[in-house]
Amino acid sequence: MTHASPVPAGLTVRTITEQELELFFALPLDFDDGALRAPTTLEGFAAEWRRGSRRPGWTWLALRDGRPVARAAWWAPPGAAHPAILDLFDLGAEPDRLDVGEALLRACWRAAAADGTDLEYELFLPPGWRDDPAAREPAERRLEVARRAGLVVLVERLRYQWTPGAGLPPRGDRLRLRPLAAVGEGAFLDALARTYDGSLDAHTRRELDRGVPPGRIARDDLALLRSLPGPEEWWRLAYDRDGRLVGLAVPSGNANGHVVAYLGVVPEQRGKGYAGELLAEATAFLAGQGAGRIRADTDVANAPMAAAFERAGYDQFAIRVDLVATR
């Protein structure tokens, strides 16, 4: 991050205790993003606190005369040693709220980054936010605060969801699906690594550009997938009729419901419509598990995947902007 600016007069920036969660949620917001992110309520946040995804040292307030004027909170999978994602960062209505937000963001980022862990700030916005002043103005304030604090946009991601009212997408008959237990962890890791070749995913490309070997990225992704509550028994590798690997689909879940956690096609099988068939299989599988809603994300640049979601009856309900620190 760049050199810190002076802390605004009369401002206290600190972490909070569990007893101060009501104070944390007493902040009058300049932008209510409703169901775009979770949790948005004290009850939901407290439930994540109990699960270990939120911690006292990860939850921050900026206070002036005892009043909350900005707030921030990190998230990580339960049991993680360090925070990973800043997914809650809200400004109040102070005249100097950009300065207040910068002081808060710098403080919480500096503390979280002390061990060298890669961190991200995720900003959740409605579709078409640039054309809606009610969303654009608070979004631009946060982006300006992030810029001041030394963050840059890595990627915008489209967030999709499917509900049973859309009906199940049509399923093809070309794929032969095998569960993880049948193929083994080694085959699963190899399939993951192969999907990174030519990937349109900005996070994957960032790791590859840093020189991280695909096998290492695959092991890290496997650990992340295993941190989700969806069981490994749901994961599938897909092969064509001749037994050649097509790709993989990871139906799973998180604290907020069912998700398609990963879906990838190996390079030599792309352009044949397999992404849509894999998505249809994952959707049908999760629907069979009783899913009342399935969510999944893809980068704005990944037009083929976005088109597959739309053909499968998924509606875009949000955009997520991922920001990272400059090095």
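All values below come from the heavy atoms of this structure, side chains included, with hydrogens, waters and symmetry mates left out. Keep in mind that this is a model prediction, so the values were computed, not measured.
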query: What about Y160 and F309, are their ring centers closer than 6.0 Å?
result: yes
query = Is the closest side-chain heavy-atom distance between T59 and T15 below 4.5 Å?
reply =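 Heavy-atom side-chain distance check fails, nothing below 4.5 Å.
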Would you give the length of the straight line joining atom [atom1] of [X] to atom [atom2] of [Y], rounded to the nearest 0.5 angstrom?
X: D201; Y: R206; atom1: CG; atom2: CZ; answer: 12.0 Å
X: D99; Y: D96; atom1: CG; atom2: CG; answer: 5.5 Å
X: L105; Y: R110; atom1: CG; atom2: CZ; answer: 10.5 Å
X: D90; Y: R141; atom1: CG; atom2: CZ; answer: 11.5 Å
X: T298; Y: L279; atom1: OG1; atom2: CG; answer: 10.5 Å
X: L143; Y: L151; atom1: CG; atom2: CG; answer: 10.0 Å

Apart from L23 itself, its cluster of hydrophobic side chains linked below 4.5 Å comprises I16, L21, F24, F25, L42, F45, W49, L61, L63, L88
For L224, the other hydrophobic cluster members (4.5 Å side-chain criterion, sorted by chain and number) are none
Assigning hydrophobic clusters by single linkage (Ile, Leu, Val, Met, Phe, Trp, Tyr; side-chain heavy-atom cutoff under 4.5 Å), is [X] placed with [Y]?
X: V212; Y: L189; result: yes
X: I85; Y: I217; result: no
X: V152; Y: V321; result: no

Salt bridge check, [Y] against [X]: does any charged N sit closer than 4.0 Å to a carboxylate O?
X: D221; Y: R216; result: no
X: E277; Y: R171; result: no
X: D240; Y: R176; result: no
X: R241; Y: D173; result: yes

Quick one: side chains of residues 120-127, donor-acceptor pairs under 3.5 Å with protein atoms, not counting sequence neighbours, listed by atom name and distance.
residue : atom : partner : partner atom : Å
E120    : OE1  : H203    : NE2          : 3.2
E120    : OE2  : H203    : NE2          : 2.6

Here the ring pair (Phe, Tyr, Trp, His ring centres under 6.0 Å) pairs for residues 283-308, sequence neighbours left out, are W234-F285
Residue pairs meeting ring pair (Phe, Tyr, Trp, His ring centres under 6.0 Å), one or both in residues 55-85, sequence neighbours left out, come to W74-W109
Could you tell me whether the side chains of [X] and [Y] share a donor-acceptor contact shorter than 3.5 Å?
X: Q161; Y: D315; answer: no
X: Y262; Y: S252; answer: no
X: E207; Y: Y196; answer: no

* Asked: What do the steps show when you test L278 against V265 for side chain to side chain contact (heavy atoms under 4.5 Å, CB included), and what is the final call?
  -> CA-CA 9 Å; L278 279 169; V265 176; 3.9 Å; yes
Under the salt bridge (charged side-chain N to carboxylate O under 4.0 Å, His left out) test, which residues partner R97, sequence neighbours left out?
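Result, salt bridge (charged side-chain N to carboxylate O under 4.0 Å, His left out) vs R97: none returned.
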In short, D299 meets A202 closest at the heavy-atom pair OD2-N, 2.6 Å
